[in-house]
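Presented below is the structure to which this report refers.
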Amino acid sequence: MTIYVTSDTHFGHGNIIEYCKRPFVSAAEMDEFMVQAWNEVVKPSDHVYHLGDVAMRKQDLSIVRRLNGHKRLVFGNHDIFEAKHYIAAGFEKVMGMRVLDGLLFTHIPVHPGSMGRFRANVHGHVHQSTALTLPYINVCVEVTNYAPVALDVVSQQAREAA
């Protein structure tokens, strides 16, 4: 079993293509690419932490059922529906933040003064921005080739920064 992280899929959100210069001609093409990329990496027994902004519309949450793995959601600013809808869509757990391997997992990067005992803040929200550097690790799909990245890779990045 491998643990993966990802963020900001924005399933069904056609405008995100223009906003973030995603290389797709439609939301449908983008969604299919991300489902395929996810399932090529993640096995059914793996665990995936999605760090928020899954989909803009409730109907697009149905895509989550097509994704391999045991999925957990850390709420993002666009995850506006009640938790029961995310559970019904295929997330096993929903939460506001998570700590794993000394890393703090959030949607929005935390204030530097809040880092405390954490080696790094693994986050989403900033999409393709590279303005934040370690101890911040951006796992938005735009910087991970639209696929989840293994926790081991993220942990290694944090160790190298220490």
Side-chain angles (χ1 to χ4, degrees), residues 1-11 13 15-23 30 34 37-38 40-43 45-56 60-61 63-64 67-87 89-162:
M1 188 267 303
T2 303
I3 299 173
Y4 291 92
V5 292
T6 191
S7 184
D8 294 273
T9 49
H10 286 259
F11 289 123
H13 186 196
N15 289 337
I16 200 75
I17 295 168
E18 182 181 336
Y19 296 154
C20 293
K21 300 182 181 14
R22 291 186 177 185
M30 174 183 72
M34 287 192 291
W38 180 303
E40 285 176 1
V41 171
V42 178
K43 295 178 182 67
S45 60
D46 293 335
H47 290 216
V48 182
Y49 285 87
H50 190 301
L51 304 186
D53 291 2
V54 177
M56 300 295 283
D60 295 316
L61 290 175
I63 295 170
V64 173
L67 303 171
N68 287 343
H70 298 273
K71 297 165 289 284
R72 282 102 162 106
L73 174 63
V74 172
F75 278 110
N77 58 299
H78 290 295
D79 298 317
I80 60 171
F81 310 113
E82 292 180 46
K84 67 182 180 183
H85 297 291
Y86 297 94
I87 298 291
F91 285 99
E92 295 176 5
K93 295 180 181 180
V94 294
M95 57 204 82
M97 53 78 67
R98 179 74 163 112
V99 176
L100 287 172
D101 195 27
L103 304 170
L104 176 63
F105 292 81
T106 61
H107 176 67
I108 297 174
V110 299
H111 185 277
S114 300
M115 291 297 290
R117 62 185 167 97
F118 306 112
R119 294 186 296 125
N121 177 203
V122 182
H123 63 86
H125 188 65
V126 298
H127 293 273
Q128 69 272 30
S129 173
T130 57
L132 296 174
T133 58
L134 288 168
Y136 294 94
I137 301 172
N138 179 3
V139 294
C140 290
V141 295
E142 292 89 358
V143 299
T144 64
N145 204 28
Y146 301 93
V149 61
L151 176 60
D152 290 348
V153 171
V154 171
S155 290
Q156 184 61 35
Q157 289 175 338
R159 277 191 290 279
E160 290 171 1

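Numbers for residues simply follow the sequence, beginning at 1.
With a 4.5 Å cut-off on side-chain heavy atoms, Lys93 and Leu73 do not count as touching. Val48 has its side chain within reach of Thr6: a pair of non-hydrogen atoms, C-beta onward, lies under 4.5 Å apart. The shortest side-chain heavy-atom distance between His50 and Trp38 falls under the 4.5 Å cut-off. Side-chain contact between Lys21 and Glu142: absent, with no pair of heavy atoms (C-beta onward) separated by less than 4.5 Å. Under the 4.5 Å side-chain criterion, counting only non-hydrogen atoms from C-beta, Ile16 is in contact with His127. The closest side-chain heavy-atom distance from Tyr86 to Lys71 is not below 4.5 Å. Proximity of Phe105 to Ser7: side-chain heavy atoms (C-beta onward) are nowhere separated by under 4.5 Å. Between Val5 and Ile137, the closest side-chain pair of non-hydrogen atoms is not below 4.5 Å.
Note: His70 and His47 have tilted aromatic rings, judged against thresholds of 30 and 60 degrees for the angle between ring planes. A perpendicular orientation is assigned to the rings of His107 and His125, their planes being inclined by more than 60° (bins at 30° and 60°).
With rounding to the nearest 0.5 Å, the separation of CD1 in Ile108 from CE in Met97 is 14.0 Å. Between atom CZ of residue Phe11 and atom CG of residue Leu67 there is a gap of 5.0 Å, rounded to the nearest 0.5 Å. A distance of 7.5 Å separates CG of Asp152 from CZ of Arg159, quoted to the nearest 0.5 Å. Going from atom OH of Tyr4 over to atom NZ of Lys43 covers 5.5 Å, rounded to the nearest 0.5 Å. A distance of 5.0 Å separates CD1 in Ile17 from CE in Met30, rounded to the nearest 0.5 Å.
Without hydrogens or angle criteria, Asp46 side chain to Gly69 main chain gives no donor-acceptor distance under 3.5 Å. In this structure, Asp53 contributes its side chain and Asn77 its backbone to a donor-acceptor pair below 3.5 Å. Remark: the backbone N or O of Ala147 is not paired with any side-chain donor or acceptor of Asn145 at under 3.5 angstrom. At distances below 3.5 Å, not a single donor-acceptor pair connects side-chain atoms of Asp8 with backbone N or O atoms of Gly124.
The closest side-chain donor-acceptor pair between Asn121 and Thr106 falls under 3.5 angstrom.
Residues Val54 and Phe91 share a closest heavy-atom pair of CG2-CZ, 3.7 Å. Across all their heavy atoms, Met56 and Phe81 have their closest contact at O-CZ, 3.7 Å. Between Asp101 and Ser155, the shortest heavy-atom distance links the atoms OD2-OG, 2.5 Å. Taking each heavy atom of Asp60 and Ala55 in turn, the nearest pair found is CB-CB, 3.8 Å. Contact detail for Tyr136 and His111: the closest heavy-atom pair is OH-C, 3.7 Å. Among all heavy-atom pairs drawn from Arg22 and Val141, the shortest one is NH2-CG2, 3.3 Å.
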inquiry  = Val122 vs Tyr49, test: side-chain contact (heavy atoms from CB on, under 4.5 Å). Steps then yes/no.
reply    = CA-CA 11 Å; Val122 182; Tyr49 285 87; over 6 Å; no
